[in-house]
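Everything on this sheet refers to the single structure shown next.
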There are 2 protein chains.
Amino acid sequence: MTKGNVAAPASASASHRTPPEHVHPRDVLLETAMAALSDPVRLALVRELAASEDWERTCGSFDVPVRKAALSHHFAVLRSAGLIEQRDAGAKRINRLRRAEFDEHFPGLLDLVLRRR
Amino acid sequence: MTKGNVAAPASASASHRTPPEHVHPRDVLLETAMAALSDPVRLALVRELAASEDWERTCGSFDVPVRKAALSHHFAVLRSAGLIEQRDAGAKRINRLRRAEFDEHFPGLLDLVLRRR
DNA sequence: TAGACTGTACGCAGATCATCGAACACTTTG
DNA sequence: CAAAGTGTTCGATGATCTGCGTACAGTCTA
């Protein structure tokens, strides 16, 4: 259902790593968004991210009960569902919830996720 | 994630079959609701149901590309996600979208599903 | 009552998913 | 430069999901 995406602008930063590939919420199927939000770990990530400042949280700073390999996978799923944006900052990768963009294309969905316990 | 549920009122109808088990949206986890709506076939069922009158549609009357065994499974998933209600009417089983109840507990979610193509 | 019809239950196959450990690449620190 | 830290990728594993055909249980109709 999900597929690879492109548009990787040449990193002008100091990082030599390939920057993460992003998908804009506009290009995300409803099925994909729903599937991304149907996992407890990813819900926790989204909620924790929503309670933080943009670019404040590194990938390893979340309180979820999985190892880093699984965590990395979950971040990739969130990225390809248009839910988060990631940026390399030195050795770390920092995150941002794409609130406005996602809300524009899936109005009310993030609200629901963040309000419903 | 989903689990069996109970509360099967004694069927006062003419049917001798065990009536379907229902789950109220109040008892549905967000994860479960999302998972139920992350499948194209189930989305089609929900949308077609939303475009029909309550109790108007039998299970076999939907335009989805799966056989009846799979269809039966999808209806069970929708039931346990609190999305539909079913009732036996003779040999047939008729359906209703639980719009109001579901909307009360997952505000905006059905709207999103029904508006977003 | 025999047969057609509607839908469920069961068992199976194939695909997808979540998770892990290990190896790797890159960055930062000592 | 070596060591520690951050995160990705790979391969494997077990669980879950979707689909099918078949068999079955009721219900309706001729």
Side-chain angles (χ1 to χ4, degrees), chain A residues 1-4 8 11 13-22 29 31-32 34-45 55-62 64-81 84-95, chain B residues 1-5 8 11 13-22 29 31-45 55-62 64-81 84-95:
Chain A
M1 186 187 294
T2 57
K3 246 310 186 177
S11 171
S13 81
S15 174
H16 292 179
R17 277 182 299 176
T18 316
E21 296 178 0
H22 287 102
L29 292 177
E31 292 92 309
T32 307
M34 293 297 192
L37 295 172
S38 69
D39 178 273
V41 172
R42 289 193 291 267
L43 281 181
L45 293 177
W55 310 122
E56 191 191 24
R57 308 292 302 270
T58 66
C59 290
S61 73
F62 290 82
V64 287
V66 293
R67 306 265 180 192
K68 55 182 187 171
L71 191 55
S72 185
H73 161 70
H74 285 302
F75 276 113
V77 173
L78 291 178
R79 243 186 293 131
S80 62
I84 66 168
E85 193 179 352
Q86 297 187 302
R87 175 188 299 173
D88 286 338
K92 307 191 176 182
R93 184 161 280 189
I94 52 181
N95 299 274
Chain B
M1 186 189 293
T2 57
K3 246 311 188 177
N5 292 271
S11 171
S13 83
S15 174
H16 293 179
R17 278 183 297 176
T18 316
E21 298 178 0
H22 287 101
L29 293 177
E31 293 92 308
T32 306
M34 293 298 193
L37 295 172
S38 68
D39 179 273
V41 172
R42 289 192 292 265
L43 280 180
L45 294 177
W55 310 121
E56 190 190 26
R57 307 293 301 270
T58 66
C59 289
S61 73
F62 291 81
V64 287
V66 294
R67 307 265 180 193
K68 56 180 186 171
L71 191 55
S72 184
H73 161 71
H74 284 301
F75 276 114
V77 172
L78 291 178
R79 243 186 294 130
S80 63
I84 66 167
E85 194 179 353
Q86 298 186 303
R87 175 188 298 172
D88 285 338
K92 308 192 176 182
R93 183 160 280 188
I94 52 181
N95 300 273

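Within every chain, numbering begins at 1; the chains are lettered A, B, ... in the order of the sequence lines, protein sequences first and strands thereafter.
In the set C/dA9, C/dA18, D/dT18, C/dA18 carries the atom at the smallest distance from any side-chain atom of A/His73. Of the candidates C/dT19, C/dC10, C/dT6, the closest approach to any side-chain atom of B/Ala91 belongs to C/dT6. With D/dG19, D/dT8, D/dT22 as the choices, the nucleotide that has an atom nearest any side-chain atom of A/Arg79 turns out to be D/dT8. Side chain of B/Lys68, nearest nucleotide from D/dT6, C/dT8, D/dT9: C/dT8. When each of D/dT22, D/dG19, C/dT19 is scored by its nearest atom to the side-chain atoms of B/Val66, the top-ranked nucleotide is D/dG19. The side chain of B/Arg67 approaches D/dG21 more closely than any other nucleotide in the set D/dG26, C/dC20, D/dG21. With distances taken from any side-chain atom of A/Cys59 to the nucleotides C/dC20, D/dT22, D/dG7, the minimum falls on D/dG7.
In this structure, A/Arg93 places its CZ atom 9 Å from P of D/dG7, rounding to the nearest Å. Atom CZ of A/Arg57 and atom P of D/dG7 are 11 Å apart (whole Å). Spacing between atom CZ of A/Arg87 and atom P of D/dT8 amounts to 16 Å, rounded to whole angstrom units. Atom-to-atom, CD of B/Glu31 to P of D/dC17 comes out at 13 Å; the value is rounded to the nearest Å. We find that CZ of A/Phe75 is positioned 15 Å from P of C/dA18, with the value rounded to whole Å. One interatomic measurement links the two molecules: NZ of A/Lys92 to P of C/dT29, which rounds to 9 Å at whole-angstrom precision. Following rounding to the nearest Å, B/Leu71 (CG) and D/dT18 (P) show an atom-to-atom distance of 13 Å. Atom CG of B/Asn95 and atom C1' of C/dT6 are 12 Å apart (whole Å).
Two residues are said to be in side-chain contact when any heavy atoms from C-beta on lie closer than 4.5 Å; B/Pro20 and B/Asp88 meet this criterion. Using a 4.5 Å heavy-atom threshold, the side chains of A/Glu56 and A/Ser61 count as separate.
A/Arg42 places a side-chain N or O within donor-acceptor distance of the main-chain N or O of A/Ala36, the cut-off being under 3.5 Å. Counting only distance, with no hydrogens or angles, the side chain of B/Ser72 and the backbone of B/Lys68 share no donor-acceptor pair below 3.5 Å. Using a distance-only test at 3.5 Å, with no hydrogens or angles considered, a donor-acceptor pair links the side chain of B/Asn95 to the main chain of B/Arg57.
Expressed to the nearest 0.5 Å, how far SG of A/Cys59 lies from CD1 of A/Ile94 amounts to 9.5 Å. Between B/His74 atom NE2 and B/Leu45 atom CG the span is 7.5 Å, to the nearest 0.5 Å. To the nearest 0.5 Å, the span separating CZ on A/Arg79 from CD on A/Glu85 amounts to 11.0 Å.
A residue-by-residue look at B/Gln86 and A/Ala89 shows that B/Gln86 has its nearest nucleotide of DNA chain C further toward the 5' end.
Using five terminal pairs a side, the axes of the helix from C/dT1-D/dA30 to C/dG30-D/dC1 at its two ends make an angle of 20°, given in steps of 10 degrees.
In terms of phosphate contacts, A/His74 brings no side-chain nitrogen or oxygen within less than 4.0 Å of OP1 or OP2 of C/dC17. For the pair A/Arg42 and C/dA18, the criterion of a side-chain N or O lying under 4.0 Å from OP1 or OP2 is met.
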